[in-house]
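Below is one structure, written out as structure tokens; the observations come after it.
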Amino acid sequence: MLFMARRSSSRSAPDRSTARPSPSPHAEQSARPAGERSGGRNARSGRPSGGGSGSGYWIYGHHAVQAALSNPERVIHDFLATREAAASFDTTSRKPQIVDRERLDRLCERDAVHQGVCLRVEPLETLAIPDIVERTGPVLVLDQVTDPRNIGAILRSAAAFGAAALLVQDRNAPQESGAMAKAASGALDVVPILREVNLSRALQALQAENFWVVGLDAGGTRLDGKSFAGRRVALVLGAEGAGLRRLTRETCDEIASVYMPGDMESLNVSNAAAVALYELVRPV
């Protein structure tokens with residue numbers, strides 16, 4: 001499906017003053033202490049409460065596995081590889097168990113390109129807004145984007161362009177998975193993910209931390225990175241096809257769209273995220 005990010009039209013963005021009113025008291029609720037995490041996970045380990053030796057999920061693919069092995073925050077249960085693939089991990093402190101390719105085929109998702117290596121891990125700890133305020137770069141916000149491969153591709157672009165974090169709505173975003181990790185090509189262990197129940201309140205919490213919230217949607221003004229010089233930006237992207245929801249759109253400080261002089265009227269959400277991130281961080 002397509003993410004609507006058409007070339008600029010005559011419609012103007014919502015008229016919002018740069019001097020925002022005092023944030024809603026609800027914004028404070030979104031900024032949870034770092035020790036409180038959604039999903040019943042224990043702090044720091046990212047392990048679901050009560051998880052045993054059979055818990056976790058399988059990450060596969062060379063880059064995804066290498067990044068997980070290099071991440072001290074990852075809880076790792078099993079490391080499996082074919083004899084050929086194991087040679088690529090000679091420099092890692094943890095050595096794989098040698099298995100045949102057919103076993104990896106059975107463990108991974110259907111049609112997964114595992115490249116001869118799999119890692120059973122626990123999901124990473126989900127952070128909160130105060131945890132990422134001091135990180136540099138824009139924050140990406142996804143409004144009910146549900147395809148794990150799209151989210152993985154967005155994470156890859158976020159890592160490439162120095163984004164501080166990815167924020168998603170908890171109930172309408174997939175959990176970590178092998179497909180997401182493979183599409184992210186290692187970025188799942190580089191870019192922290194925040195999961196918030198109420199997206200509008202989360203955006204208000206970002207505004208309270210001096211982020212300028214920009215919604216990417218059809219009909220907005222042309223996205224121009226130079227206009228955001230000196231400001232932290234939270235870039236909000238809507239679901240494939242549906243775009244931004246009304247309340248999300250109304251919470252944004254402005255609505256923008258990427259410049260597309262060609263014949264196509266829209267981009268996939270992951271492609272739109274890459275173009276918009278480049279525009280925000282490119283040298284001016």
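- Among Arg195, Arg74, Lys182, the one residue that satisfies the salt bridge (charged side-chain N to carboxylate O under 4.0 Å, His left out) test with Glu176 is Arg74.
- Checking side-chain atoms of Arg232 against main-chain N and O of Gly137 turns up a donor-acceptor pair under 3.5 Å.
- Going from atom CG of Leu80 over to atom CD of Gln97 covers 5.5 Å, rounded to the nearest 0.5 Å.
- Formation of a donor-acceptor pair under 3.5 Å by the Thr82 side chain with backbone atoms of Arg101 is not found in this model.
- Between atom NE2 of residue His77 and atom CG of residue Leu119 there is a gap of 10.0 Å, rounded to the nearest 0.5 Å.
- Note that CG of Asp189 and CD of Glu73 are 10.0 Å apart. Values are rounded to the nearest 0.5 Å.
- Here Arg103 contributes atom CZ and Cys118 contributes atom SG; the two are 9.5 Å apart, rounded to the nearest 0.5 Å.
- The structure places CG of Asp217 at 12.5 Å from CZ of Arg245, a figure rounded to the nearest 0.5 Å.
- Under the 3.5 Å distance criterion, the side-chain polar atoms of Arg201 are left unmatched by any main-chain donor or acceptor of Val197.
- Ion pairing between a basic and an acidic side chain is recognised when a charged N comes within 4.0 Å of a carboxylate O; Asp224 and Lys226 show such pairing.
- When Asp147, Leu155, Asn150 are each tested for a side chain to side chain contact (heavy atoms under 4.5 Å, CB included) with Ser270, only one passes: Asn150.
- Panel note: side chain Gln115, backbone His62; a donor-acceptor pair is recorded below 3.5 Å.
- Atoms CD1 and CD1, on Ile193 and Ile132 in that order, are 12.5 Å from each other to the nearest 0.5 Å.
- With Ser70 contributing its side chain and Gln66 its backbone, the two residues share a donor-acceptor pair below 3.5 Å.
- With no hydrogens or angles considered, a side-chain donor-acceptor pair links Trp212 and Glu254 at under 3.5 Å.
- For Ala276 against Leu235, the heavy-atom pair with the smallest separation is CB-CD2, 3.5 Å.
- Looking only at distances, no side-chain donor or acceptor of Asp170 sits under 3.5 Å from a matching main-chain atom of Glu196.
- Geometric assessment of Arg94 against the ring of Phe79 yields a negative cation-pi assignment under the 6.0 Å and 45° thresholds.
- A donor-acceptor pair shorter than 3.5 Å can be found between the side chains of Ser55 and Glu122.
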